[in-house]
Amino acid sequence: IDHIKFQLTGDRCSLIEDINTGQEIKVQFNIKGRKFERDGNTTYFTNLDAWKIEASGNSLSDMSSDPQANDYLPF
């Protein structure tokens, strides 16, 4: 399972309160990027700013026990 970090700030922090560990969720988000330069080095940062989180009926443990759970992958 890949883990992806979404950012919740300000009043949006409450979006995660009703979500349980291991629960599958659907996240709607904006992608934001910025460039940071220091001492001649350039680094790029990408943030995934969540603005809506919905719980699904599945848990991640349920999906991992199903051998066909990852059949939705396009490759």
Side-chain angles (χ1 to χ4, degrees):
I1 295 176
D2 292 331
H3 298 277
I4 299 172
K5 179 189 79 163
F6 290 93
Q7 176 173 288
L8 295 168
T9 57
D11 62 343
R12 292 190 177 145
C13 291
S14 64
L15 294 175
I16 201 78
E17 289 177 354
D18 295 328
I19 304 300
N20 297 314
T21 301
Q23 186 174 10
E24 184 179 295
I25 59 174
K26 180 179 177 181
V27 180
Q28 295 185 27
F29 61 96
N30 295 329
I31 299 174
K32 294 182 180 179
R34 63 184 174 93
K35 180 179 177 180
F36 178 76
E37 294 182 61
R38 183 181 205 174
D39 300 327
N41 295 318
T42 303
T43 304
Y44 296 90
F45 293 94
T46 304
N47 292 331
L48 305 176
D49 293 331
W51 50 271
K52 184 175 183 180
I53 297 177
E54 299 174 23
S56 73
N58 299 326
S59 71
L60 294 178
S61 59
D62 291 342
M63 289 183 64
S64 62
S65 64
D66 180 359
Q68 296 185 8
N70 293 325
D71 283 352
Y72 65 90
L73 297 175
F75 48 88

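Values below: every heavy atom of this structure, side chains too, minus hydrogens, waters and symmetry copies.
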Legend entry - For K52, all residues meeting salt bridge (charged side-chain N to carboxylate O under 4.0 Å, His left out), sequence neighbours excluded: E54
Inset, instruction - Work out which heavy atom in L8 is nearest to a heavy atom in C13; give both atom names and the distance. - result: O-SG, 3.5 Å
Inset, instruction - Drop me the distance from I19's CD1 to L15's CG, to the nearest 0.5 angstrom. - result: 9.0 Å
Inset, instruction - Find out whether W51 and N30 are in side-chain contact, i.e. whether some heavy atom of one side chain is under 4.5 Å from a heavy atom of the other. - result: yes
Legend entry - side-chain contact (heavy atoms from CB on, under 4.5 Å) partner of S56, chosen from K26, Q23, E24: E24
Legend entry - Rounded distance (nearest 0.5 Å) linking atom CG of D49 with atom CD of Q28: 14.0 Å
Inset, instruction - Nearest 0.5 Å please: distance from the CG atom of D18 over to the CD1 atom of I53. - result: 10.5 Å
Inset, instruction - Compare all side-chain heavy atoms of Q7 with those of T9 and state whether any distance is below 4.5 angstrom. - result: yes
Legend entry - Point-to-point distance, once rounded to the nearest 0.5 Å, from CZ of R34 to OG1 of T46: 10.0 Å
Inset, instruction - Would you mind listing the cluster partners of Y44? Hydrophobic ones only (ILVMFWY), side-chain contacts under 4.5 Å, chaining allowed. - result: none
Legend entry - Which residues share a salt bridge (charged side-chain N to carboxylate O under 4.0 Å, His left out) with K35, sequence neighbours left out: E37
Legend entry - Residue list, side chain to side chain contact (heavy atoms under 4.5 Å, CB included) with L48, at least two apart or on another chain: I4, F6, F29, I31
Inset, instruction - Please list, chain by chain and in numerical order, all residues satisfying side chain to side chain contact (heavy atoms under 4.5 Å, CB included) with E17, sequence neighbours excluded. - result: S14
